[in-house]
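We name chains A, B, ... by the order of the sequence lines, and we start the count at 1 in each one. All of these numbers come straight from a predicted model, not from anything done at the bench. Reckoned from all heavy atoms, side chains included, excluding hydrogens, waters and symmetry mates.
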Protein chains: 2
Amino acid sequence: MAERGEPMTSETLAQCLCTNPVVVRRTMGLLREAGIVASSRGHAGGWAIVADLEKVTLRQLHEALGEPAIFAIGNRNETPECLVEQSVNAVLDKAFADAETLLLDRFANVTLAALVADFARRAAVRRLQKD
Amino acid sequence: MAERGEPMTSETLAQCLCTNPVVVRRTMGLLREAGIVASSRGHAGGWAIVADLEKVTLRQLHEALGEPAIFAIGNRNETPECLVEQSVNAVLDKAFADAETLLLDRFANVTLAALVADFARRAAVRRLQKD
DNA sequence: GTTTCATGTAACTTCGTTTATTACAAATAA
DNA sequence: TTATTTGTAATAAACGAAGTTACATGAAAC
């Protein structure tokens with residue numbers, strides 16, 4: 001999307017992502033609410049990036065998408081009655097929090113611009129390999 | 001379990017854990033394969049801890065249970081064709097690996113003995129509160 | 001203005017994974 | 001020999017994520 005001047009339709013994006021136009025709209029809608037993309041209807045409509053690629057980080061995308069749970073394991077219950085569960089939570093809560101902080105900090109250090117640059121490099125390599 | 005001299009049945013454990021005896025057997029079976037618990041059949045049978053509580057860590061439990069995925073987000077595909085996916089993976093793989101290492105190191109520092117001690121402390125507090 | 005194209009969104013279906021359940025064989029102690 | 005308990009296969013249920021259908025709304029082209 002970053003390399004296109006014109007908007008891309010949900011249909012086109014869905015093909016790129018091997019998914020469904022409605023799923024694209026749902027997801028892009030969240031990014032629009034965060035001011036990262038914009039949508040336009042009708043002829044020549046679709047989705048375009050409006051934010052500064054240097055300023056948008058993966059962390060912002062994570063937030064925009066509703067901060068989905070990072071961990072697949074861990075606390076089932078924040079304030080359990082069960083004392084065993086309380087003990088386990090007490091030891092692990094900090095560990096999970098620290099790991100989450102580490103990860104989110106890394107996310108914050110990746111801009112869309114950096115990804116675009118890396119992508120361009122990979123595309124160039126692939127072109128060379130084809131010749 | 002640590003505070004009991006005799007084995008506990010899957011039935012009893014299932015009630016404690018709000019789950020099903022068969023689920024308990026499946027899970028405890030993995031812990032048995034790792035040498036952490038033992039099972040006995042028939043009258044007065046059930047499950048008991050056989051490992052040294054000072055030596056068993058949460059990391060060992062994690063391994064014994066088949067190292068379930070820690071992260072709910074991240075790589076769908078380790079070697080994607082898609083260049084965008086490759087770029088994203090390249091930046092995030094290390095971040096996820098570092099977060100995983102951090103977490104597993106923390107797990108390794110928690111022994112069952114420490115949990116038992118913490119549990120005992122909490123149980124004492126609860127008893128005092130009841131009086 | 002009417003047609004075409006595209007998003008917005010609600011409602012529903014499908015899919016995959018995890019968990020729960022049923023059923024019964026095998027083993028063990030009373 | 002009976003009561004009890006694990007071992008395990010097979011099946012069902014529950015859940016969440018993703019996909020699909022349907023149609024209303026808005027915008028550009030003719």
Side-chain angles (χ1 to χ4, degrees), chain A residues 1 4-51 61-77 80 82 85, chain B residues 1 4-51 61-62 64-78 80 82 84-85 88:
Chain A
M1 287 180 70
R4 291 216 185 193
E6 57 201 15
M8 290 178 76
T9 67
S10 308
E11 183 69 41
T12 307
L13 286 169
Q15 280 171 6
C16 294
L17 299 168
C18 298
T19 182
N20 190 286
V22 178
V23 173
V24 170
R25 282 182 212 134
R26 282 203 280 247
T27 307
M28 297 297 277
L30 295 172
L31 299 185
R32 184 190 50 219
E33 286 171 21
I36 297 169
V37 302
S39 61
S40 52
R41 299 181 173 201
H43 270 281
W47 302 90
I49 302 177
V50 292
L61 296 187
H62 180 251
E63 282 165 14
L65 297 178
E67 311 203 350
I70 288 178
F71 299 110
I73 58 178
N75 263 0
R76 289 281 170 92
N77 189 342
C82 169
E85 203 173 348
Chain B
M1 287 178 69
R4 291 217 184 191
E6 58 201 16
M8 291 178 75
T9 66
S10 308
E11 184 69 41
T12 307
L13 286 169
Q15 280 171 7
C16 293
L17 298 167
C18 299
T19 181
N20 189 284
V22 178
V23 174
V24 171
R25 282 183 212 132
R26 282 203 283 249
T27 307
M28 297 297 278
L30 295 171
L31 298 185
R32 184 189 49 218
E33 286 171 22
I36 297 168
V37 303
S39 62
S40 52
R41 297 180 175 202
H43 271 281
W47 302 90
I49 302 178
V50 292
L61 296 188
H62 180 251
L65 297 178
E67 311 203 348
I70 288 179
F71 299 109
I73 57 178
N75 263 359
R76 289 281 171 93
N77 189 342
E78 200 54 59
C82 169
V84 174
E85 203 172 348
V88 175

Between the protein and nucleotides 28-30 of chain C, list every N/O to N/O distance that falls short of 3.5 Å.
none

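For the pair B/Leu65 CG and C/dT19 P, the computed distance is 11 Å after rounding to whole Å. Between the CG atom of A/Asn20 and the C1' atom of C/dT14 there is a distance of 12 Å, rounded to whole Å. Taking atom CD of residue A/Glu11 and atom P of nucleotide C/dG8, one finds them 15 Å apart after rounding to whole Å. Residue A/Glu6 contributes atom CD, which lies 15 Å from atom C1' of C/dC5 at whole-angstrom precision. Distance CD (B/Gln15) to P (C/dA20): 14 Å, rounded to an integer number of Å.
Under the rule for a salt bridge (Lys or Arg N to Asp or Glu O under 4.0 Å), the partners of A/Glu63 that lie at least two apart in sequence or sit in another chain are A/Arg59. A search for side-chain contact (heavy atoms from CB on, under 4.5 Å) contacts involving B/Cys82 returns B/Val84, B/Glu85, not counting sequence neighbours. Residues that satisfy the side-chain contact (heavy atoms from CB on, under 4.5 Å) test with A/Glu33, not counting sequence neighbours, are A/Leu30. With sequence neighbours left out, B/Arg32 forms a side-chain hydrogen bond (donor to acceptor under 3.5 Å, both in side chains) with B/Ser39. Residues satisfying the side-chain hydrogen bond (donor to acceptor under 3.5 Å, both in side chains) test with B/Glu67, not counting sequence neighbours, are none. Evaluation of the side-chain hydrogen bond (donor to acceptor under 3.5 Å, both in side chains) rule for B/Thr12 yields B/Thr9 as partners, not counting sequence neighbours. Residues passing the side-chain contact (heavy atoms from CB on, under 4.5 Å) test with A/Ala34, sequence neighbours excluded: A/Ile36, A/Ala64.
Residues A/Pro21 and B/Met8 both approach DNA chain D. Their nearest nucleotides, taken by heavy-atom distance, put B/Met8 toward the 5′ side.
Contact detail for B/Ala48 and B/Pro7: the closest heavy-atom pair is CB-CA, 4.4 Å. Scanning all heavy atoms of the two residues, the minimum distance from B/Val37 to B/Met28 falls at CG2-O, 3.6 Å. In terms of heavy atoms, A/Pro68 sits closest to A/His62 at O-NE2, 3.2 Å.
A 4.0 Å heavy-atom criterion places the boundary nucleotides of DNA chain D facing chain B at D/dA3 to D/dA18, written 5' to 3'.
At the phosphate of C/dA6, neither OP1 nor OP2 sits under 4.0 Å from any side-chain N or O atom of A/Ser10.
Applying a 4.0 Å cut-off to non-hydrogen atoms, the residues of residues 22-37 of chain B that approach DNA chain C are B/Val22, B/Val23, B/Arg26, listed by residue number.
The side chain to side chain donor-acceptor pair (under 3.5 Å) contacts involving residues 17-28 of chain A comprise A/Ser10-A/Arg25, where partners must be two or more places apart or lie in separate chains.
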